[in-house]
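What you see is a predicted model, and the numbers here were worked out from it, not measured in a lab. Proteins come first, then strands; the chains are lettered A, B, ... in the order of their sequence lines, and each starts at number 1.
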2 protein chains.
Amino acid sequence: MADQTPSGESLLFLTDEQLRKGIEAMFFAYRGFTADPDRILEGMDYGRAHHRALHFIHRSPGTTVSNLLSVLGVTKQSLNRVLRTLIEDGLVEARVGRRDKRERHLHLTAKGQELERELSDAQRARMRAAYRAAGPQAVAGFRQVLEAMMDPELRRQYQGLKENGA
Amino acid sequence: MADQTPSGESLLFLTDEQLRKGIEAMFFAYRGFTADPDRILEGMDYGRAHHRALHFIHRSPGTTVSNLLSVLGVTKQSLNRVLRTLIEDGLVEARVGRRDKRERHLHLTAKGQELERELSDAQRARMRAAYRAAGPQAVAGFRQVLEAMMDPELRRQYQGLKENGA
DNA sequence: TTGGAAAGTCAACAAGGCTGACGTAACTTC
DNA sequence: GAAGTTACGTCAGCCTTGTTGACTTTCCAA
């Protein structure tokens, strides 16, 4: 028992083997995480990229295109392809900014809300099952580790998303 | 305070808002998770798919192609493309099976070990920092939630990977 | 000896990233 | 008011990594 911090905690959770297991857990869990929405979307003309756009527009209604760009971390050409189809299909509405007319403020239409809801219901159902199985303590730890794993800039994005429901 | 289980735990961690935060945490954290290897690989002729192959061959030396297929969850055509370049470039060796000569047993060459090492060092460094920042309790919770999030079949794959280092 | 599994390969395609170049409207600054 | 910057959109072309389908070779096992 040599791996002890000055304060007496075991450092065994930092072994390469433990870290590798964590890496694999992320890999397999992420597959599960996206599986349900992917299943819903296949067959429709949409993919994961559309899901992400819907999610963040739902989350921050009225967000601008460049805002969304920085959250999603893709190029405007990539996002535009996705956004165009969503707007054409009447799931998303782009309103010209009132203060700054260059900006487009993005909102979900009723139809957009509906699909977002369907996707997020599926994803939340899995999340809820996992949370319930693991318990509140585990969930707190889960969130802590994920947060620590983010790039600092992304962490700020993450924390900036409106927090409530408590 | 109505959200209490019969055993008295709060269920506030199961609100839609909390679940959404968890979903976003997964999204942002996964970006960080892959960022370092991606950076190393850009410029080389390899991508994330090559990294995954290297990882699991390292993890289970002598694994067969079909074994790897089921772990990675892609088609043999996809995997083959990746594997071919890795073999051509002398990072991976495919040994014909002794018992069953149809099977190819995959091993990393010295060169393959080297790249795998470089990629995994980077990824583990981030993981280690996150683990250290969050602490052992949080790490345990992190692993529990991720495991509960996996599809049952993937969970078996995950648990089947040799466990040690404790 | 034959059926079927394991592996490999060719071709074609799609999603979703990327870069670069260009255009336009609108805001900001000098 | 002119010049520069920002926000957005779009065209064209490319790459990676996934897909399906069809086909072959090898070879184990019943």
Side-chain angles (χ1 to χ4, degrees), chain A residues 27 30-31 34-35 37-57 62-89 92-107, chain B residues 27 30-31 34-35 37-57 62-89 92-107:
Chain A
F27 173 68
Y30 200 79
R31 291 248 297 273
T34 57
D38 282 357
R39 239 187 311 275
I40 293 171
L41 288 166
E42 90 179 0
M44 304 196 205
D45 286 350
Y46 303 130
R48 223 177 265 186
H50 300 83
H51 180 195
R52 291 199 283 262
L54 290 176
H55 176 101
F56 285 108
I57 295 171
T63 188
T64 62
V65 172
S66 57
N67 225 305
L68 196 52
L69 277 177
S70 87
V71 170
L72 295 174
V74 297
T75 60
K76 64 175 177 171
Q77 293 92 329
S78 273
L79 177 57
N80 194 255
R81 178 167 37 198
V82 164
L83 230 37
R84 193 179 353 173
T85 69
L86 290 175
I87 291 170
E88 276 170 7
D89 297 351
V92 167
E93 194 187 349
R95 302 185 195 149
V96 172
R98 289 200 311 133
R99 270 188 43 195
D100 185 335
K101 293 180 196 160
R102 290 170 306 179
E103 294 180 340
R104 301 298 135 99
H105 297 275
L106 303 170
H107 299 264
Chain B
F27 174 67
Y30 200 79
R31 292 247 297 272
T34 56
D38 283 357
R39 240 188 310 276
I40 293 172
L41 289 166
E42 88 179 3
M44 303 196 206
D45 286 350
Y46 303 129
R48 224 176 265 186
H50 300 83
H51 179 194
R52 291 199 282 261
L54 290 175
H55 176 99
F56 285 109
I57 295 171
T63 188
T64 62
V65 171
S66 56
N67 226 305
L68 197 52
L69 276 178
S70 86
V71 171
L72 294 174
V74 297
T75 59
K76 64 175 175 172
Q77 293 90 330
S78 269
L79 178 58
N80 196 255
R81 177 168 37 202
V82 164
L83 231 35
R84 193 181 353 172
T85 69
L86 290 174
I87 291 171
E88 276 170 8
D89 297 352
V92 168
E93 194 186 349
R95 300 187 197 147
V96 172
R98 290 200 310 133
R99 269 189 42 194
D100 184 336
K101 293 180 195 161
R102 291 167 303 178
E103 293 180 346
R104 302 299 133 102
H105 297 274
L106 303 170
H107 299 264

Gap between atoms [atom1] and [atom2], on [X] and [N] respectively (whole Å):
X        : N      : atom1 : atom2 : result
B/Arg99  : D/dC28 : CZ    : C1'   : 11 Å
B/Gln77  : D/dT17 : CD    : P     : 16 Å
A/Lys101 : D/dA7  : NZ    : C1'   : 15 Å
A/Glu103 : D/dG9  : CD    : P     : 11 Å
A/Asp100 : D/dT5  : CG    : C1'   : 12 Å
B/Glu42  : D/dC14 : CD    : P     : 20 Å
B/Asn67  : C/dA5  : CG    : P     : 17 Å
A/Leu68  : D/dG9  : CG    : C1'   : 15 Å

Any N/O donor-acceptor pair, A/Arg104 side-chain to D/dG9 base, under 3.5 Å |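 Under the 3.5 Å cut-off, the side chain and the base do not form any donor-acceptor pair.
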Side-chain donor or acceptor of A/Arg52 under 3.5 Å from a matching atom on the base of C/dG16?
-> no
Classify the nucleic acid contact of [X] as base, sugar-phosphate or nothing, counting any heavy atom under 4.0 Å across all strands shown.
X        : result
B/Ser78  : base
A/His105 : nothing
A/Arg81  : base

Measure up the B/Tyr46 and B/His50 rings against each other and bin them: parallel (under 30°), tilted (30 to 60°), perpendicular (over 60°).
->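 If you compare the ring of B/Tyr46 with that of B/His50, the planes turn out tilted.
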So B/Tyr30 and A/Tyr30, would you call those rings parallel, tilted or perpendicular, with 30° and 60° as cut-offs?
-> parallel
In terms of the nearest nucleotide of DNA chain C, which residue is placed more toward the 5' end: A/Gly73 or B/Ala94?
->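 Result of the comparison: B/Ala94.
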Which residues share a salt bridge (Lys or Arg N to Asp or Glu O under 4.0 Å) with B/Arg98, sequence neighbours left out =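 For B/Arg98, no residue satisfies salt bridge (Lys or Arg N to Asp or Glu O under 4.0 Å) once neighbours in sequence are set aside.
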Residues 70-79 of chain A side chain polar contacts: donor-acceptor under 3.5 Å, at least two apart:
{"unit_1": "A/Ser70", "atom_1": "OG", "unit_2": "A/Asn67", "atom_2": "O", "d": "3.2"}
{"unit_1": "A/Ser70", "atom_1": "OG", "unit_2": "A/Gln157", "atom_2": "NE2", "d": "3.2"}
{"unit_1": "A/Thr75", "atom_1": "OG1", "unit_2": "A/Ser78", "atom_2": "N", "d": "3.3"}

With respect to the phosphate group of D/dT16, does any side-chain polar atom (N or O) of B/His50 fall under 4.0 Å of OP1 or OP2?
-> no
Under 4.0 Å between a side-chain N or O of B/Asn80 and OP1 or OP2 of C/dA7?
-> no
Looking only at side-chain atoms of [X], point me to the closest of [options].
X        : options               : value
B/Lys76  : D/dC11, C/dA7, C/dC10 : C/dA7
B/Arg102 : C/dG17, C/dC27, C/dA5 : C/dA5
A/Thr75  : C/dG16, C/dC18, D/dA7 : C/dC18
A/Ser66  : C/dA26, D/dC8, C/dC10 : D/dC8

Apply the side chain to side chain donor-acceptor pair (under 3.5 Å) test between A/Asp38 and each candidate in A/His51, A/Arg31, A/Arg48; give the one that qualifies.
->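 Single side chain to side chain donor-acceptor pair (under 3.5 Å) partner of A/Asp38 among A/His51, A/Arg31, A/Arg48: A/Arg48.
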